[in-house]
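Report on the structure given below.
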Amino acid sequence: FPVTIDALEFNKWLGTRGKFVKGRIVFPVYDEMGVIKGIETRSLDKKAMSVLLPKYKASLSSLIDMLPESSVRYKKFYLEKSKHTAFFFGLPNSLKPIWESETVFLTEGIFDLISLLKVLDNAVTPMTANINDLQIEWLRRYVKKVVLLFDMDEKGKKAFIRIRDELTPYGITVINIPMFAGKDVNDFILAKGCSELKRYITDKLDYFF
């Protein structure tokens, strides 16, 4: 996945929060203007994971209050409070093909997106099934078709219904393409390969459109 980030810029943005990313894989998240908005991280081992997990249960609001004003941490993600805008992992790299096609493919997670980008370039991820209002507004502005490849668990089904109900009144078509046996995009590619995933998606799109 072709993401580049200036190390000095990132370190300045991160500031004293380095302990939260030490020993972890870091995925920078940008808005459509290429401005870094946050990060998502994944642990490499249990020791690294323990850095992020609180030693006691606390509500989201109390966790936010414990952090510097310049950042909010929700699980593995940081977001600058003063610059709250719509964001998707994969921007701005996928912005041009999304704009040209007026179509976006959405996955639920980062690794599903990385797999999907092997066969499609107009794809991004909100990094959760709980897409927010600003992301919905972004979709209204940029696309005419939204294709979901979310996990088909309860959260994924609710997300599809919400996105469909929010966007359909604006003339935007929203469809869902379930993976076989309830698997996600990454599982599909591991089981059947990229060419089979592309054929599967193309067949589904031909059926709907």
Side-chain angles (χ1 to χ4, degrees), residues 1-3 27-38 40 77 79 83-180 182-189 194-209:
F1 187 70
V3 171
F27 298 94
V29 182
Y30 302 91
D31 66 11
E32 65 269 23
M33 301 302 293
V35 177
I36 185 169
K37 288 296 176 181
E40 181 165 333
F77 182 69
L79 178 67
K83 301 178 182 179
H84 187 56
T85 59
F87 56 86
F88 295 88
F89 182 76
L91 290 176
N93 295 304
S94 297
L95 185 58
K96 183 178 179 181
I98 290 172
W99 179 263
E100 291 175 344
S101 66
E102 295 185 316
T103 301
V104 65
F105 291 82
L106 296 181
T107 67
E108 194 170 326
I110 285 178
F111 289 107
D112 284 332
L113 175 66
I114 292 172
S115 295
L116 184 61
L117 287 171
K118 296 176 181 179
V119 298
L120 295 167
D121 57 3
N122 55 334
V124 292
T125 175
M127 299 172 291
T128 174
N130 297 319
I131 192 168
N132 65 45
D133 291 339
L134 291 173
Q135 290 168 322
I136 290 287
E137 184 61 32
W138 190 94
L139 294 172
R140 288 175 186 166
R141 185 170 70 250
Y142 277 91
V143 303
K144 296 297 183 183
K145 297 176 184 177
V146 178
V147 183
L148 299 182
L149 294 97
F150 280 15
D151 300 342
M152 280 296 95
D153 53 14
E154 194 63 28
K155 288 183 179 180
K157 292 176 182 177
K158 287 182 178 180
F160 166 66
I161 293 171
R162 186 199 169 203
I163 295 170
R164 182 196 62 195
D165 291 349
E166 291 273 6
L167 297 181
T168 299
Y170 292 86
I172 299 172
T173 302
V174 180
I175 67 170
N176 176 64
I177 299 180
M179 297 293 100
F180 73 96
K183 299 296 184 180
D184 57 28
V185 174
N186 196 47
D187 289 333
F188 193 111
I189 284 183
C194 292
S195 59
E196 185 63 20
L197 175 64
K198 186 173 184 178
R199 186 200 64 77
Y200 178 75
I201 291 175
T202 299
D203 287 348
K204 291 294 184 182
L205 293 178
D206 287 344
Y207 173 79
F208 283 106
F209 301 118

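- Atom CD1 of residue Ile175 and atom CZ of residue Phe105 lie 7.5 Å apart, to the nearest 0.5 angstrom.
- Inter-residue side-chain proximity for Ile98 and Phe88 is flagged as unmet; no heavy-atom pair is nearer than 4.5 Å.
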Stepwise salt bridge (Lys or Arg N to Asp or Glu O under 4.0 Å) check, Arg140 with Glu137: CA-CA 5 Å; Arg140 288 175 186 166; Glu137 184 61 32; 3.0 Å; yes

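- The nearest pair of heavy atoms linking Ala129 to Ala159 is O-CB, 3.1 Å.
- The nearest pair of heavy atoms linking Lys118 to Cys194 is CD-SG, 3.7 Å.
- The distance from the CZ atom of Phe160 to the CD1 atom of Ile131 is 13.0 Å, given to the nearest 0.5 Å.
- Taking every heavy atom of both residues into account, Asn176 and Leu148 meet most closely at OD1-O, 3.4 Å.
- For the atom pair CG (Leu113) and CZ (Phe27), the distance works out to 10.0 Å, reported to the nearest 0.5 Å.
- Listed for the Glu166 side chain is no donor-acceptor partner under 3.5 Å among the backbone atoms of Ile163.
- In this structure, the separation between CD1 on Ile189 and OG on Ser195 is 9.5 Å, given to the nearest 0.5 Å.
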Under 3.5 Å donor-acceptor pairs involving side-chain atoms of residues 119-127, not counting sequence neighbours:
| unit_1 | atom_1 | unit_2 | atom_2 | d |
| --- | --- | --- | --- | --- |
| Asn122 | ND2 | Ser101 | OG | 3.3 |
| Asn122 | ND2 | Thr103 | O | 3.1 |
| Thr125 | OG1 | Thr107 | O | 2.7 |
| Thr125 | OG1 | Glu108 | O | 3.4 |
| Thr125 | OG1 | Met127 | N | 2.9 |

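- Nearest heavy-atom pair across Pro92 and Tyr30 is CD-CB, 3.9 Å.
- Leu197 CG to Leu116 CG: the interatomic distance, rounded to the nearest 0.5 Å, is 6.5 Å.
- A salt bridge links Glu196 with Arg199: the distance from a Lys NZ or Arg NE/NH1/NH2 to an Asp or Glu carboxylate oxygen falls below 4.0 Å.
- Between atom OH of residue Tyr207 and atom NZ of residue Lys204 there is a gap of 8.5 Å, rounded to the nearest 0.5 Å.
- A 6.0 Å sphere centred on OH of Tyr170 holds no more than 12 heavy atoms belonging to other residues, nucleotides or ligands.
- For the pair Val143/Leu167, no side-chain contact is recorded, criterion being any heavy-atom separation below 4.5 Å from C-beta on.
- Ring pair Tyr200/Phe188 is tilted by interplanar angle, where 30° to 60° counts as tilted.
- The nearest pair of heavy atoms linking Ile172 to Leu139 is CD1-O, 4.0 Å.
- Of the possible donor and acceptor atoms, none in the side chain of Asp151 sits under 3.5 Å from a partner among the backbone N and O of Asp153.
- You'll find the side chain of Leu149 stays beyond 4.5 Å of the side chain of Asp112, heavy atoms only.
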side-chain contact (heavy atoms from CB on, under 4.5 Å) assessment of Leu117 paired with Ser94: CA-CA 9 Å; Leu117 287 171; Ser94 297; 4.0 Å; yes

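- Using a 4.5 Å heavy-atom cutoff, the side chains of Val104 and Tyr142 are not in contact.
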